[in-house]
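The structure under discussion appears below in the form of structure tokens.
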Number of protein chains: 2
Amino acid sequence: MEKGGRPADNSAESTETRILKVATRHFYDRGYHGTTMREIAADCGMKAGSLYNHYTGKEELLFRIANDTMAELVDGAQTAVDQGTTPAQRLQGLVRQHVRYHAVNRLQAKVADDQLHALSQDRQAVVLKIRDGYERLVEEVIADGISEHGWAVADVKIVAFALLTMCTAVGTWFREDGRLSADQIADIYTDLAMAMLQP
Amino acid sequence: MEKGGRPADNSAESTETRILKVATRHFYDRGYHGTTMREIAADCGMKAGSLYNHYTGKEELLFRIANDTMAELVDGAQTAVDQGTTPAQRLQGLVRQHVRYHAVNRLQAKVADDQLHALSQDRQAVVLKIRDGYERLVEEVIADGISEHGWAVADVKIVAFALLTMCTAVGTWFREDGRLSADQIADIYTDLAMAMLQP
DNA sequence: GTCTATAACTAGATAGAC
DNA sequence: GTCTATCTAGTTATAGAC
């Protein structure tokens, strides 16, 4: 499978990264408050006290997951927008990347979406600010499509929300061993998105 | 406001109903595991121990919320299907009722969707079975639209999910004091839904 | 960097007086 | 049907040995 010269040494994954992955799975399955540090530690092959050598506490784990996820989403979206030359191309790129990300990284995406209430106000605000910027990016592309292509949009904000939440929800039912791949689903969703906008 | 001869006696609301409403608000804000019986009791004007005169425990509160919500959704959907005479009418009725319900009852709808993991396996299965029936109802209407109207649907299951999750998400951003009413939003969403299906 | 032990606290649920 | 008091268990986080 490996193409490069680098050995497939999975143990190279840092302890910090492994803890985040395990915490993500637990927060996804049982929620932030339903997960204990003991359970996370056990799945990492250590005791609860040892986790505090890597993170200051449970809340920092959630913050890192949510913050990293949002940052990755914005990065991908900005790339998609930069690569498109027309509003249609940019929107298709946005939808494709959003659907693919929420399918491939469905655990962390759902945790980042649903568990924000468990963060302190300050940390919550940091994550929400990134998310607001993301939504504005989508709204701008839709607004461009209206003025340049005459897209039929009853309300930019509502349609942007409808579009994004439809794509976000892919993460709630997508399964890695399911009937369709993330790419196939992204194809269907880009078509649905364009159908929602055609005059 | 009251039209009938019955007095507007809000205290007629039973203690059981009030407890459920308060619990719904808390489960929505902080999640099931993030909510304590003491908090629910305080908002009901009683002490934690008193709650157990009305419900056997915390989990029963969540089960009642989730089960009642799903039952109401299925009822509304069945009515919408029965009242339509064509697949297009039935689908529009389904979308309208689904959007309206998730806007008007957004707290309980979100709790019923997001907190199922906290239920025992048996109780979870009860709720999921109702939800499965609901989804099949939508898939059938879409299948009818394909054969009778030639709707353009790449994949019935995927499009049914896309449609339903898009409408469900209205509950995550709808606000009672927002710019648009639940009915106005339902109008926009029925149009979006039909646009997604047109050949 | 992991362990054991423990501090300090909070949870759901119950018993029995009123 | 509500109260107070309490039980039992489990929580995050820390301290200090190794």
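Every chain is numbered from 1, with letters handed out A, B, ... down the list of sequences.
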In whole angstroms, how far is the [atom2] atom of [N] from the [atom1] atom of [X]?
X: B/Met37; N: D/dG10; atom1: CE; atom2: P; result: 18 Å
X: A/Met46; N: C/dG1; atom1: CE; atom2: P; result: 9 Å
X: B/Glu60; N: C/dG12; atom1: CD; atom2: C1'; result: 14 Å
X: A/His54; N: D/dA13; atom1: NE2; atom2: P; result: 15 Å
X: A/Glu59; N: D/dA13; atom1: CD; atom2: C1'; result: 14 Å
X: B/His33; N: D/dG10; atom1: NE2; atom2: P; result: 14 Å
X: B/Tyr52; N: D/dC3; atom1: OH; atom2: C1'; result: 15 Å
X: B/Arg18; N: D/dG1; atom1: CZ; atom2: C1'; result: 12 Å

### Message
For a quick check of understanding: with a heavy-atom distance under 4.0 Å over all strands, which category does A/Ser50 fall into, base, sugar-phosphate or nothing?
### Response
base

### Task
Describe the nucleic acid contact of B/Gly57 in one word from base, sugar-phosphate, nothing, applying a heavy-atom distance below 4.0 Å.
sugar-phosphate

## Note on the structure
Of A/Thr56 and A/Glu39, the one whose nearest nucleotide on DNA chain D sits closer to the 5' end is A/Glu39

#### Entry: Test item: B/Thr172 and A/Phe161 side chains (from C-beta on) under 4.5 Å apart, heavy atoms
no

#### Entry: Under-3.5 Å donor-acceptor pair between A/Arg38 side chain and D/dG10 base
no

### Test side-chain contact (heavy atoms from CB on, under 4.5 Å) applied to A/Phe27 and A/Leu107, A/Val22, A/Ile65, A/Asp114, the passing residue
A/Ile65

### Query
Closest to the A/Thr36 side chain: C/dA13, C/dG1, D/dT11?
D/dT11

### Among C/dG12, C/dT4, D/dT12, the nucleotide that comes nearest once only the side chain of A/Lys47 is considered
C/dT4

### Query
Does B/Lys58 place a side-chain N or O at less than 4.0 Å from the phosphate oxygens OP1/OP2 of C/dG12?
yes

### Task
Answer yes or no: is there a donor N or O on one side and an acceptor on the other, between the side chain of A/Thr17 and the main chain of A/Glu13, under 3.5 Å?
no

### Side-chain donor/acceptor of A/Glu148 to backbone N/O of A/Gly145, under 3.5 Å
no

### Task
Say whether A/Asp43 and A/His26, considering side chains only, have a donor N or O and an acceptor N or O under 3.5 Å apart.
yes

